[in-house]
Asker: 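Once you've had a glance at the structure underneath, I'll fire off some questions.
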Amino acid sequence: MPLRIPTPFLDLEATLDGGQAFRWRCVDGAWEGVIGDRWVRLRQEGGDLLAETATDPGDGAWLRHYLGLDDDLEAIVRTFPDDPPLRDAVQACPGLRLLRQDPWECLASFILSSTKQIVQIQQCVALLCDAFGEPIPGPAGATSPRAFPTAARLALVTESRLRDCKLGFRARYLAAAAQAVDAGRLDLEALRGLSTAAAREQLTGLPGVGPKIANCVLLFAYGRQDAFPVDVWVLRALRELYFPRRRPKPRTLQRFTETHFGPNAGYAQQYLFHYIRNHRPTETRLS
DNA sequence: GGCCAGGTGTACC
DNA sequence: GGTACACATGGC
């Protein structure tokens, strides 16, 4: 029997396939993916979310947590500054939620993300999981899905074999991160008890992890609303929507992201990211 | 073939 | 302090 969860606003496609996580795919109108060691197939029906699993789903608290279903989106949106860009961005996709991912999977995935398109990140993650992930129970008759490879497993893999997963120059960075986590030099669970700034400092101590990737991990895994990842898309959104015909310095933009968007700035960032990628076509937009 | 992609590290001024 | 470029790889 699938788990049935009454759901508030939830846009599954925008949430699962919007550049936060890289393992979800849509099959016959349902979203299939892996959360920790569980394979799951998600579908919306009426006002409910239906979750089909291969093992006992329990009360589904793990799924509610992952999807951020306890976030009160209406209350969050009310904390946003009342400006046209954010109004439009929220209006365009009112069910977009921030995920709460496993920190290691999130860190590893975003280490792969630098100067790659989202479809290519998805491809790399799939290759990594196929090569190094542990098989887990899946739907009957299909090949076993796999968990995301642990840091301990990847710490033993040669850089050359990581490059086989098309990681390019990022292979060295992933290997270093896996070794740091496996050896305990970086304690991802302990970051939960640190301030955002202190946690960011720990993350950016890894080679290949700068402020952008660290902020993605802080936001998409730890739910830190004071983390505001600025990538090429968000930069474009800030410039076009908030500083048109001006040439703001990076320092100005950073100050703006830290002060303008309020206590749920991380959520605001995700709405802007989704909006600029999907609802404001430009010549350089991907089709 | 040139440009771009959910960037970062390094070498310069 | 800032700015330019290399770094692998694939899509368009």
Side-chain angles (χ1 to χ4, degrees), chain A residues 13-24 89 93 96-99 101 103 105-128 131 157-177 180 186 200-222 224 227-241 247-255 257 265-287:
Chain A
E13 178 176 6
T15 302
L16 297 177
D17 199 32
Q20 296 188 66
F22 303 98
R23 296 200 65 192
W24 294 93
C93 193
L96 172 59
R97 289 175 180 272
L98 285 174
L99 298 173
Q101 299 179 61
E105 176 172 344
C106 190
L107 172 61
S109 298
F110 277 97
I111 283 174
L112 309 187
S113 73
S114 68
T115 60
K116 266 190 183 297
Q117 296 184 2
I118 288 177
V119 289
Q120 293 173 338
I121 303 168
Q122 291 169 334
Q123 180 188 29
C124 289
V125 169
L127 289 169
L128 271 179
V157 174
T158 64
E159 195 180 309
S160 168
R161 293 208 52 204
L162 292 179
R163 280 180 186 264
D164 292 342
C165 298
K166 305 186 179 181
L167 304 197
F169 62 86
R170 307 157 195 83
R172 181 165 63 84
Y173 300 146
L174 180 61
L186 175 62
R200 183 184 295 118
E201 195 171 337
Q202 293 271 307
L203 291 168
T204 54
L206 295 170
V209 178
K212 189 273 172 183
I213 290 174
N215 282 332
C216 283
V217 177
L218 290 167
L219 186 58
F220 303 145
Y222 296 95
R224 298 295 178 100
F228 196 104
V230 178
D231 72 321
V232 291
W233 291 100
V234 173
L235 185 62
R236 186 175 304 164
L238 292 172
R239 284 182 172 158
E240 287 185 10
L241 303 176
R247 180 70 46 191
K249 292 178 181 176
R251 184 68 195 158
T252 305
L253 283 173
Q254 187 189 341
R255 189 78 72 187
T257 64
Y267 251 105
Q269 177 276 155
Q270 198 58 21
Y271 281 107
L272 290 173
F273 174 76
H274 190 271
Y275 181 57
I276 200 75
R277 284 192 73 227
N278 297 280
H279 297 274
R280 295 201 27 116
T282 66
E283 288 182 8
T284 54
R285 190 172 87 83
L286 299 175
S287 58

Asker: Among residues at least two apart in sequence or on other chains, which ones pass salt bridge (charged side-chain N to carboxylate O under 4.0 Å, His left out) with A/E13?
Answerer: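 A/E13: no salt bridge (charged side-chain N to carboxylate O under 4.0 Å, His left out) contacts found.
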Asker: With a centroid cutoff of 5.5 Å and a plane-angle limit of 30°, would you call A/F273 stacked on B/dG6?
Answerer: yes
Asker: I need the CD1-P distance between A/I276 and B/dA5, as an integer number of Å.
Answerer: 13 Å
Asker: Looking only at atom P, what distance separates C/dA8 and B/dA11, rounded to whole Å?
Answerer: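 About 16 Å, rounded to a whole number of Å.
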Asker: For B/dG6 and C/dT3, measure between their P atoms and round to the nearest Å.
Answerer: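 My reading of the P atoms in B/dG6 and C/dT3 gives 24 Å.
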Asker: Please give, in whole Å, the distance from B/dA5 P to A/L235 CG?
Answerer: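 After rounding, the gap between these two atoms is 10 Å.
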Asker: Determine whether the aromatic ring centres of A/F110 and A/Y173 lie less than 6.0 Å apart.
Answerer: no
Asker: Looking only at heavy atoms, what is the nearest atom pair of A/I118 and A/F273, with distance?
Answerer: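 Looking at all heavy atoms of both residues, the closest pair is CD1-CZ, 4.3 Å.
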Asker: Taking CZ from A/R251 and P from C/dG1, how many angstroms apart are they, rounded to a whole number?
Answerer: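 Value for this atom pair: 9 Å.
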Asker: Does A/G208 reach a base, just sugar-phosphate, or nothing at all? Heavy atoms under 4.0 Å.
Answerer: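 Since only primed, P, OP1 and OP2 atoms lie under 4.0 Å of A/G208, the category is sugar-phosphate.
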Asker: Counting any heavy atom closer than 4.0 Å, what does A/V234 reach on the DNA or RNA strands: base, sugar-phosphate only, or nothing?
Answerer: base
Asker: If you take all heavy atoms of A/K166 and A/K116, which pair is closest and at what distance?
Answerer: O-NZ, 3.3 Å
Asker: Give one of base, sugar-phosphate or nothing for A/F220, where a contact means two heavy atoms less than 4.0 Å apart.
Answerer: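 It contacts base atoms.
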Asker: Would you kindly give the CD-to-C1' distance between A/Q254 and C/dG2, to the nearest whole Å?
Answerer: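 Whole-Å distance recorded here is 15 Å.
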Asker: Rounded to whole Å, how long is the line connecting atom CG of A/L174 with atom P of B/dT8?
Answerer: 15 Å
Asker: Sugar-phosphate means primed atoms, P, OP1 and OP2; the rest is base. With that split, encode nucleotides 5-10 of chain C 5' to 3' as B, S or - using protein heavy atoms under 4.0 Å.
Answerer: --BB-B
Asker: Counting any heavy atom closer than 4.0 Å, what does A/L206 reach on the DNA or RNA strands: base, sugar-phosphate only, or nothing?
Answerer: sugar-phosphate
Asker: Quick check on DNA chain B: between A/P229 and A/R172, whose nearest nucleotide comes earlier from the 5' end?
Answerer: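 Taking each residue's closest nucleotide, the earlier one in sequence belongs to A/P229.
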Asker: Determine the interatomic distance between P on B/dA5 and the same-named atom on C/dG2; round to the nearest Å.
Answerer: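 Nearest-Å result for B/dA5 against C/dG2 at atom P: 23 Å.
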Asker: Rounded to the nearest angstrom, tell me the gap between atom CD in A/Q122 and atom P in B/dG6.
Answerer: 10 Å
Asker: Can you tell me how far C1' of B/dT8 sits from CG of A/L203, to the nearest Å?
Answerer: 15 Å
Asker: Would you classify A/P250 as touching base, sugar-phosphate or nothing, given that sugar-phosphate means primed atoms plus P, OP1 and OP2, and contacts are heavy atoms under 4.0 Å?
Answerer: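 Contact class for A/P250: none.
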Asker: Between A/K212 (NZ) and B/dT8 (P), how many Å, whole number?
Answerer: 7 Å
